[in-house]
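The next block holds one structure in the form of structure tokens; read it before the comments.
Sequence lines set the chain letters: A, B, ... in the order given, protein chains first and strands last, and positions in each chain run from 1. All of these numbers come straight from a predicted model, not from anything done at the bench.
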Number of protein chains: 2
Amino acid sequence: MARAATTSDAFNAIAEPRRREILTLLIVRERPVNEIVAELGLDQPSVSKHLRVLRDVGLVRVRCDGRQKFYRTQAEAIRPLHEWAATFERYWSHQLNRVKERAERAAAQESKSTPHTGGKDDD
Amino acid sequence: MARAATTSDAFNAIAEPRRREILTLLIVRERPVNEIVAELGLDQPSVSKHLRVLRDVGLVRVRCDGRQKFYRTQAEAIRPLHEWAATFERYWSHQLNRVKERAERAAAQESKSTPHTGGKDDD
DNA sequence: TTGACATATTCCTATATAGGAATGTAATGT
DNA sequence: ACATTACATTCCTATATAGGAATATGTCAA
């Protein structure tokens, strides 16, 4: 009856811009919470809470060392997202081609001197 | 102070599973609302509300014809999502390779007869 | 106009945040 | 033991849903 929890899956977790920033930061190398705080300019509890969400959906992993906790992005967890989006890849290529062809036809029509395309309709 | 609006960007809009289903349905061909309702088994107001969100972030387009409205997925709007996720692609390849290599080393170690890898450390 | 059909919007409510403040917990140094 | 450092959690509040019910808007047909 309300929005699904942010921890319900990766799709919900990455809806928050800060969390995407954190993932981008932690993909390069692991970092302690302190460094994330300093790098992103958020306050510590906020970062901890975001990390908690990311951890719950498997988007980050922790390694404990003394009193520090090193977080790192678990890249594989982003894969389902990538694959879902990739499903649409061929369609935006199609749509871009259609726009392009339409523009070309229009240009040819407007110049009224060097007809390049015939007036082919696709799809 | 609360979660960002579902209409704030594509990332928030696609967090909802039903909306992803709708996008998947409407990428193949445009459909009137009725058909979406029948296909997904939701009730009509719910579908209309989801379509409103998707429309606000440019994920779908409408074509009006008489009293029907034909919706269709605007594939280009999914591209930013795809590109963000693609940023991590090389990392999950790396991580998978590391796991694979580790498994190979372990297998070689366990058989104790045909040493295949030397004990190379990467990264 | 009246009615039927197609779609959109409004009202309602339970739920889930995100951020800020304050506090809790665990590990280290002296 | 005690203070300090590094994180995590809890409490609070304004806000934003998603779904259901009811209603509104728009279009065509007779």
Whole Å only: how far is the CG atom of B:Leu54 from the P atom of D:dT17?
13 Å

Using a 4.0 Å heavy-atom cut-off across all strands, classify A:Arg19 as base, sugar-phosphate, or nothing.
sugar-phosphate

Of B:Leu59, B:Leu54, B:Val60, the residue whose pairing with B:Arg19 passes side chain to side chain contact (heavy atoms under 4.5 Å, CB included)
B:Leu54

Assign the ring pair A:His82 / B:His82 to parallel, tilted or perpendicular, where the plane angle (0 to 90°) is split at 30° and 60°.
parallel

Starting at atom CG of B:Asp65, determine the distance to atom C1' of D:dC28, rounded to an integer number of angstrom.
12 Å

CZ of A:Phe11 to CG of A:Leu81, rounded to nearest 0.5 Å, is 4.5 Å

B:Glu35: which of B:Lys69, B:Arg29, B:Arg72 passes salt bridge (Lys or Arg N to Asp or Glu O under 4.0 Å)
B:Arg29

B:Phe70 CZ - D:dT27 C1' separation (whole Å)
14 Å

Separation of atom CE in B:Met1 from atom C1' in D:dC11, rounded to whole Å
13 Å

On DNA chain C, nearest-nucleotide positions of A:Gly66 versus A:Ala2: which is more 5'?
A:Ala2

Reported CD-to-CZ distance for the pair A:Glu30 and A:Arg63, which is rounded to 0.5 angstrom:
4.0 Å

Tightest non-hydrogen contact, residues B:Ala77 and B:Pro80, listed as O-CD, 3.4 Å

Mind calculating the distance between CZ (A:Arg52) and P (C:dG24) to the nearest angstrom?
19 Å

Gap between atoms CD and P, on B:Gln68 and C:dC5 respectively (whole Å):
13 Å

Counting distance alone, no hydrogens or angles: does the base of C:dT7 have a donor or acceptor under 3.5 Å from a partner atom on the side chain of B:Arg67?
no

Residues touching DNA chain C, which here means a heavy atom under 4.0 Å, drawn from residues 33-51 of chain B
B:Val33, B:Asn34, B:Gln44, B:Pro45, B:Ser48, B:Lys49

For the pair made of NZ in B:Lys69 and C1' in C:dT9, what is the distance, rounded to whole Å?
11 Å

Where each residue is assigned the nucleotide of DNA chain D containing its nearest heavy atom, which of B:Arg3 and A:Tyr71 is assigned the position nearer the 5′ end?
A:Tyr71

Any side-chain to backbone donor/acceptor pair from B:Ser46 onto B:Leu42? Under 3.5 Å, distance only.
no

Atom CG of B:Asp56 to atom C1' of D:dT17: distance rounded to whole Å?
14 Å

